[in-house]
Amino acid sequence: MEHIRTTKVEQVKLLDRFSTSNKSLTGTLYLTATHLLFIDAHQKETWILHHHIASVEKLALTTSGCPLVIQCKNFRTVHFIVPRERDCHDIYNSLLQLSKQAKYEDLYAFSYNPKQNDAERLQGWELIDLAEEYQRMGVPNSNWQLSDANRDYKICETYPRELYVPRIASKPIIVGSSKFRSKGRFPVLSYYHQSKEAAICRCSQPLSGFSARCLEDEHLLQAISKANPANRYMYVMDTRPRLNAMANRAAGKGYENEDNYSNIRFQFVGIENIHVMRSSLQKLLEVNGTKGLSVNDFYSGLESSGWLRHIKAVMDAAIFLAKAIAAESASVLVHCSDGWDRTSQVCSLGSLLLDPYYRTIRGFMVLIEKDWISFGHKFSERCGHLDGDPKEVSPVFTQFLECVWHLTEQFPQAFEFNEAFLLQIHEHIHSCQFGNFIGNCQKEREELKLKEKTYSLWPFLLDDQKKYLNPLYGSQSQKSAVLEPNTVSFNFKFWRNMFHQFDRTLHPRQSVFNIIMNMNEQNKQLETDIKDLESQIKQRKNKQTDGILSKELLNSVRPESPALKATLSLKEQTLLPVNDVLRTIEGSSPADNRYSEYADEFSKAEPAVVSLEYGVARMTC
Amino acid sequence: MVLCTLARRFVGPLGTIIIKCKDFRIIQLDIPGMEECLNIASSIEALSTLDSITLMYPFFYRPMFEVVEDGWHSFLPEQEFELYSSAISEWRLSYVNQEFAVCPSYPPAVTVPKAIDDDALRKVAAFRHGGRFPVLSYYHKKNGMVIMRSGQPLTGTNGRRCKEDEKLINATLRAGKRGYIIDTRPLNVAQQARAKGGGFEQEAHYPQWRRIHKSIERYHILQESLIKLVESCNDQTQNMDRWLSKLEASNWLTHIKEILTTACLAAQCLDREGASILIHGTEGTDSTLQVTSLAQIILEPRSRTIRGFEALIEREWLQAGHPFQQRCAQSAYCNSKQKWESPVFLLFLDCVWQILRQFPCSFEFNENFLIMLFEHAYASQFGTFLGNNESERCKLKLQQKTMSLWSWVNRPSELSKLTNPLFEANNLVIWPSVAPQSLQLWEGIFLRWNRSSKYLDEAYEEMVNIIEYNKQLQAKVNLLRRQLAELETEDGVQESP
């Protein structure tokens, strides 16, 4: 708490991000150990978790005060005006300290206490069991087995302890191969397709340089293709652009030479690296954060950011992978450089296309646990949990979520979960409120004793399952099929509900999705009501024939079901069921509409031009 | 009529005809035999380029359905005026244009200020482009403010004035009230118009009024925009950068934003500022109508119902003299030199769709209704959209010789497909967001033939099922509850003696 000098500032103004007439709310700003809290005159609360803060900026002093701009990792941007520069400076300094922790132990998860006992906490951590998941896929079996080679993280520190490999791959082969792969990340099983007997395997790039070979590695790849009786060749997908892979050869790394490996088909798929992705997102945010943005600037910005191009590249790679397995029954080995960013994207998305289980709420959690958490996607570095190298930060996981969102748009009935689920997960990879995403690999997480000291996110999401259910889920044709998305460019759209989730003026004022979701809930209630009423009627009829009357029964049928009373209020629900008031999307009401602000603008003298931007009109004299 | 362009190609004995339709669909016919192919192609071409309107399909179409209500009489100006009459003491219905002599593009009956007599109207007509003197477009019941529309004033370079025009416009304002004249052209364009005899109102001569210039594009600029957009939507192979840059270069969404913004501004003047407005561009038959009709969608709950929207199309587009025949002669596949083709009406429908997306429960109709209107405006078996104005329609005797689109649409079996299952009357003004992030490409129109909508259609059906099921369940609960109550009273009767 030594970082907090000022805990409360009054008369702070919160500016509307897109308003051109500087519309603002006045309220009080509180600084706590974990959150920044703003309460406006209407008692509306805006909570900002310190860990969500990506940047704090103090702008030049103005006549009304000192502006403080906070950008968050969940794409919230707030613009405060603090009346006194001193207060602003204090808050600025505190936030700088609080948003960038030096040690894991200072993260929120280590102090977060949802009032559960140790047994409940442990139960929460055991909710997702990967051994169970491999069993579900059908391994171990006659071709695949659990290897104990990495039981003590001796071969690869960034892999989990339990790894599945071809049965015919002996330990010396594994050890040999691991020495020939970046960071020791040798080829292991990621997903096994039971009916096709084909596998998705993953690894890092080989240390081939210009000519180096490794017999054990070649053996291991051969073992993988032999483990698939359905097809004798296998694909090796290098998810990098060809140029990047070639450049890596100069550093003694590189890619597989088709001549040295029997029966492999080698393929580049061209997904850019973390640095390109980071600056792409940065550009995108610059564009969509502009006040008074024109349509042309928006689209040219969207284009030059390259963001949708990258999303399409990831999606295309996953489709290639899924096709190889579904159409050719061929196994596929996926790698990039280290095999924890692009490889995770492609393996997980490919599995999601192939296996409907991953499109359920629980299945999606399993998928994230398996391909992202356990295989060592460096969440803490990519999300910048600690004060570290900014060049390690990259929106790799966000891109994965966006690809899934695009799939939900094309296949509205194929997913058990809805958009709010994806947004909530995105919220928590940065929040550090739960232990799941803290650390960069399993070994590190064990050392941090996360299972003893923090809580798992998944049971909390499952408890709230109702909020995350897709009411349209369940059409047989989409539910069980292998998804074959169309990746023609026009199918990729800007994800407004992600990048503008806190800018409610930009969203539809009525959400069809919420209405249907509530109606679905209500239908369930009505069904039970009908059963109830029918049995009461039956009972009463029986009693009438018996000539017996019970007074208690008379009383018991009087209360009306609450379900019917709720019908009328259906349409004023929130788009995203989170505890955050600012995300609420309301129906159009006179008290809360886009035009409330320019009444006084009109009375100001003689207008020459009226411009209307962002649903906000402004007179320029 | 549906045809936009036709191309022939021969590979050996196999002939191919490629038909590009006005609704953006492209059909390829492979026909064995060169001669047959040529014959078919020339027949199609001849039939799609008829010289006379009276040879068009609506004059030969015989309906296979029973006409319940004759659509030609569904929306008479007198009936529309009746709707307001209780609230209007300052307005009257004038038949000065009975013979279409005062203004060829106006209907016989128009609503004008009570204080202005027909002689004055004739003088005003001479001062306005195409004789389009200011008439009432919309009356805002909440505060009595109005939207009027007209053609540009013919001030010319020497600043001509017209006393009657000034009197008419000022007569619409109550004492102490202000009004806004929204000119849909940018100031420099309006200034240039003076050289051709047109112009704009000098504020000095209309002291209670303030002029605001907006810039809504017109004519071939819109047509080119549509051509570019459709071309880009049809290209399945282009990469992301090319798609986004072509989408941007088409400027289609920029036009949407500009039109919506102007309509919001007009609605805002009325509802928020309590000011009346007069809207015009040059002729007052294109961008003017986009703005007046969209402002009503925003302000008036009735215009968001099926009936009300049809009345709006009838009043603000057909009667108001939007030249459908000229504007919709060709669509996206024909780069003709004639400059009067322009997707003005399609842009209006697109804007309505944008608002519908933002307020999905506030409209009685669904997207299919808008798509249906688009199709019929460009090619139809019904006479509704034939001709450029009422005068032409009268001469063609459309009422006697053709069927009205509304006769067909307003039958329950047709309406059920066009009704929005989520509709719940919303009496509020609905303010759309016009931010680029909030505007979207209308996939139902532009990507309709380029991708399968199977999964989306299935999802829509599922949604309708859930809503239907909900209604059934509620009805059943109510029924059971009544039964139970009856049993209770029976019991009570048995018990009491």
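Given the structure is predicted, the values throughout are model-derived calculations rather than measurements. Hydrogens, waters and symmetry mates are skipped; everything else that's a heavy atom, side chains included, is used. Note on naming: letters A, B, ... go to the chains in the order of the sequence lines (proteins, then strands), and numbering restarts at 1 for each one.
Both the backbone and the side chain of A:F490 come within less than 4.5 Å of a heavy atom of chain B. Heavy atoms of B:E443 lying under 4.5 Å from chain A belong exclusively to its side chain. With a 4.5 angstrom heavy-atom cutoff, B:Q440 touches chain A only via side-chain atoms. The contact between B:N239 and chain A is made entirely by backbone atoms, counting heavy-atom distances below 4.5 Å. Contacts between B:L473 and chain A at a heavy-atom distance below 4.5 Å involve backbone atoms as well as side-chain atoms. For B:I467, the parts lying under 4.5 angstrom from a heavy atom of chain A are both the backbone and the side chain. Contacts of B:S452 with chain A are absent, with no heavy-atom separation under 4.5 Å from either backbone or side chain. Of the two parts of B:I466, the backbone and the side chain both hold a non-hydrogen atom closer than 4.5 Å to a non-hydrogen atom of chain A.
Using a distance-only test at 3.5 Å, with no hydrogens or angles considered, no donor-acceptor pair links the side chain of B:Q437 to the main chain of A:H500. At distances below 3.5 Å, not a single donor-acceptor pair connects side-chain atoms of A:Q410 with backbone N or O atoms of A:P485.
With chain A as the partner, the residue from B:T254, B:N251, B:D241 showing the most heavy-atom pairs under 4.5 Å is B:D241. Taking chain B as the reference chain and counting heavy-atom pairs below 4.5 Å, the highest number among A:L302, A:I516, A:N486, A:N491 is found for A:I516.
Side chains of B:Y180 and B:Q268: no donor on one and acceptor on the other come within 3.5 Å. Between B:E461 and B:N465, the side chains place no donor N or O within less than 3.5 Å of an acceptor N or O (distance only, hydrogens not considered). Looking at B:S453 and B:D457, their side chains do bring a donor and an acceptor atom within 3.5 Å of each other. A donor atom on one side chain and an acceptor atom on the other are not found under 3.5 Å apart for A:N418 and A:N470. A donor-acceptor contact closer than 3.5 angstrom is absent between the side chains of B:N234 and B:W449.
In this pair, A:F298 and A:F494 present their aromatic rings perpendicular. The plane angle is above 60°, beyond the 30 to 60° band.
Proximity to chain B among residues 303-311 of chain A is limited to A:E303, A:L308, A:R309, judged by heavy-atom separations below 4.5 angstrom.
Aromatic ring centroids of B:F363 and B:F423 lie 6.0 Å or more apart.
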